[in-house]
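Report on one structure; see the data block that follows.
Atoms within each ligand, like the ligands themselves, are counted from 1 in listed order.
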Amino acid sequence: MELDQIAEGFVRLALKLNLYDEGFVDAYFGPKGLKPAPDPAGASSEKYNQLLSECRGLLEALVKMKKESRTRHLESLLVAAHARLEQKLGKEFSFDEESALLYETVAPQHTETELQDRKKKLESFVPGSGDLTERFNRYREQFIVSRNVLPKVFEAAMAEARKRTLEAMHLPKQERFECEYVENAKAGWSAYNWYLGDAKSTIQVNTIVPIYIEQMIHWASHEGYPGHHVQGILRDFELYQKRGWIEFSIAPLYCPSGILSEGGADFGVEVAFPGNDKLTFEKEVLYPIAGLDAANASEYEKIMKLRKDLSQIASIEAARGYVDGRLTRDETKRWYVEYALEHPDRAENRMRFIDNYRSYIINYSVGETLVRNFVDQKAKSSSEKWSVLADLFATPCTPQMIQR
Ligand SMILES: [Zn+2]
């Protein structure tokens, strides 16, 4: 079997798996002819077993190939699909085993003492007295973007992130995005980018939970520029169309590239808005459009930075405890409230994310550190960060490959 045939085999396999495991494929913009017909009969062990043996066949053919970046990337996709199929057939992996197979990464462990220490750091900065979670959520209310001005605020953030990205990198002329505001109670995510092919994306904002001013630029960069929308364009145009590598016409959700995508999207915020740029733009442009008082903007940013240091590790430990059966559902929710300072009404929403995505949660913060280390090591100036970041999505890459 030739390498191109193995790659096509993977695309066919992933599209078939997606018939039964909806959401396995996050985006597909390859040949329509590879898409299987819908199967109204639905999933069965027999079908998963069939796919598993197809997957093994492709892996066996691949190990005979020369080890270079394209084969290594393809192998990582097949290993992840294999693990996902085994899970569908009832095999149980621990949180760390799962993340190692799906994302080639195990998240560092953090003790409860560490969480308490980080919580203490935050205590003195949040105005008021009493329980920190309650105090934090009350304080944060003054930064809510109301639903009627949300599109105006978010689209101003998108326009700025896009402008900065287009100044730093070339994108195809037809490139564009659309924003949609949805109320999705089941999803567990708050914003999502759907890459549609031909440099187009739909970006959805989920209004089921309150939206805060600092999320505007974060999402504009993460979902759009230079995040998922731009990542999609680079894979599509540079790897699939230019090189003809068909495995890049598909983006499976649960695979090692996932950690680079999420980590790169989070890290992209500071590439597009370095130093104080985010805060300055928020104060000068976004707060006024949102009708919010910018007087406390700097204090709020500091508090949110400390909260991020706490909630990122708290969220991973909560998910790890829950998936591994050490924490019950209620205990996990309490953990979110206590250490991620989540509003008790929104802890259920956090659970939905964990129910749906499990160890995927590590991709954000662990991925951000991974991509930051890589980019900071390679880029000689802050303007060079753009090209190093773009290269990550314009070359076949896996987390293991960028760690050395
Ligand atoms: Zn994302």
Fill in: Closest H222 atom to the Zn ion (ligand 1) [N, O or S only]
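This turns out to be NE2.
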Worksheet item: Is a side-chain N or O of D4 found less than 3.5 angstrom from the main chain of G244, in a donor-acceptor match?
Response: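 No, the answer is negative, given that no donor and acceptor are paired below the 3.5 Å cut-off.
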Discussion item. Any salt bridge linking R326 with E317? Criterion: basic side-chain nitrogen under 4.0 Å from a carboxylate oxygen.
Written reply: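 No salt bridge links R326 with E317.
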Worksheet item: Using 4.0 Å as the upper bound for N to carboxylate O, is an ion pair formed by R135 and E123?
Response: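 Judged by the 4.0 Å cut-off on N to carboxylate O distance, E123 and R135 do form a salt bridge.
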Discussion item. Under 2.8 Å from the Zn ion (ligand 1) - does any N, O or S atom of D266 fall there?
Written reply: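 It does not; every qualifying atom lies at 2.8 Å or beyond.
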Worksheet item: Can you give me the NE2-the Zn ion (ligand 1)-OE1 angle for H228 and E262, to 10°?
Response: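 Answer comes to 90°, rounded to 10°.
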Worksheet item: Does a donor on one side chain and an acceptor on the other come within less than 3.5 Å for Y322 and R358?
Response: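 No, R358 and Y322 have no side-chain donor paired with an acceptor closer than 3.5 Å.
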